[in-house]
Protein chains: 2
Amino acid sequence: MNYNKLTKILADRGLKITPQRVAVLEVLYEIRNHPSAEEVRQKLHSKYPSIAIGTIYNILDTFCENGIIKKVKTDSDFVRYDVDMENHHHIYGLNNNLIQNYHDEELDKLLKEYFAKKGIPNFQIKEFSLQIIGQYTNDQNQTKQK
Amino acid sequence: MNYNKLTKILADRGLKITPQRVAVLEVLYEIRNHPSAEEVRQKLHSKYPSIAIGTIYNILDTFCENGIIKKVKTDSDFVRYDVDMENHHHIYGLNNNLIQNYHDEELDKLLKEYFAKKGIPNFQIKEFSLQIIGQYTNDQNQTKQK
DNA sequence: ATGTCTGCAAAAGCTTTGCAAGTAC
DNA sequence: GTACTTGCAAAGCTTTTGCAGACAT
């Protein structure tokens, strides 16, 4: 993702273009693996040794408010952030603490139709998010990244 | 839930029967609405003004380890606990911060069959948990309980 | 009697906040 | 020039930990 694309994302939301914001956004698109605020800071450290953790939280909050990223909660962990804003599901790897996004329109359709038919009393569904929990069985995903 | 039933749950796991553990367990079955540690402490206050918050965390952890309760994570919130140990899904009310359990065997079957057919490469699924996010449309569920 | 549990308080870890200085527009 | 943003440090909040005394078995 080049500089112009990144700044456009900010400008489109009327956000001021600061080097810190651009750098954080770049890292988010680079990592893509649901980093925590602390992981963002570490990744940024070579480029931006001076950036404050408070500023990173601040920027991530701003991005959330402006629909650039989403928060993702995991079990017994801290907050992680996700640049993927399309509706999607999550695969939780118990053996490597990895969270992967799972896109599947067929599944979305299946769920939508199921609840259109079945319904929940006094409740208007806005969205679904399926958590798929299990074990990775290959080697390339064994990296611990807690 | 009477005293004997509560103590049996503890005894079955080889846990010592202490008044604090029984009281916490009783409250969990009484509330059933995914309380936080702090909410448990408040609910317990009339019966047990002296119980320490550290002890509550301690007890809740022990219960988790022994399969009596589960942790539930919510977006931008603290940990909540759930006595419902059967596989189930969660309904998140955006307008009242309520989390309800949703049991649906038909849905479980649907998901199981879908992924049996479709599969995820290099991944062995252990369980599913669907988050159903939306708004309650009636009045009786409007109580804020954050 | 012994090993476990509780209460208390302090500490830890993630996140938020306040404010002065700096920066984007 | 003005309003917003950053850096820094302190504070806040939930959760964990250490230890002495108490309790269940």
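Just so it is clear, the model here is predicted, and its values are computed rather than measured. Quick note on labels: first sequence line is chain A, next is B, and so on, each numbered from 1.
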Value in whole Å for how far the [atom2] atom of [N] lies from [atom1] of [X]:
X: B:R13; N: C:dC5; atom1: CZ; atom2: C1'; answer: 19 Å
X: B:N58; N: D:dT16; atom1: CG; atom2: C1'; answer: 10 Å
X: B:L60; N: C:dC5; atom1: CG; atom2: C1'; answer: 15 Å
X: A:F63; N: D:dT5; atom1: CZ; atom2: P; answer: 11 Å
X: A:I59; N: C:dT16; atom1: CD1; atom2: C1'; answer: 15 Å
X: A:I56; N: D:dC8; atom1: CD1; atom2: C1'; answer: 14 Å
X: A:I17; N: D:dT6; atom1: CD1; atom2: C1'; answer: 16 Å
X: A:K16; N: C:dT23; atom1: NZ; atom2: C1'; answer: 8 Å

Comparing nearest nucleotides in DNA chain D, the 5'-proximal residue of the pair A:L15, A:G54 is A:L15
Taking only the side-chain nitrogens and oxygens of [X], find out if one of them lies under 4.0 Å from OP1 or OP2 of [N].
X: B:T18; N: D:dA24; result: no
X: A:Q20; N: C:dT23; result: no
X: B:S36; N: D:dT14; result: no
X: B:Y57; N: D:dT16; result: no

For the ring pair B:H89 and B:H103, is the centre-to-centre distance below 6.0 Å?
no
Check: A:Y81 ring centroid to A:F63 ring centroid under 6.0 Å
no
Side chain of A:V79, heavy atoms from C-beta onward: which of D:dT6, D:dT15, C:dT15 has the nearest atom to it?
C:dT15
Taking everything shown except A:K109 itself, do over 12 heavy atoms lie less than 6.0 Å from its NZ?
no
How are the rings of A:F123 and B:Y136 set relative to one another: parallel (under 30°), tilted (30 to 60°) or perpendicular (over 60°)?
perpendicular
For A:P19 and for B:T55, find the nucleotide of DNA chain C with the closest heavy atom, then tell me which residue's nucleotide is more 5'.
B:T55
Base, sugar-phosphate or nothing for A:I53? Non-hydrogen atoms, less than 4.0 Å.
nothing
Flag for B:D104-B:H88: side-chain donor and acceptor within less than 3.5 Å:
no
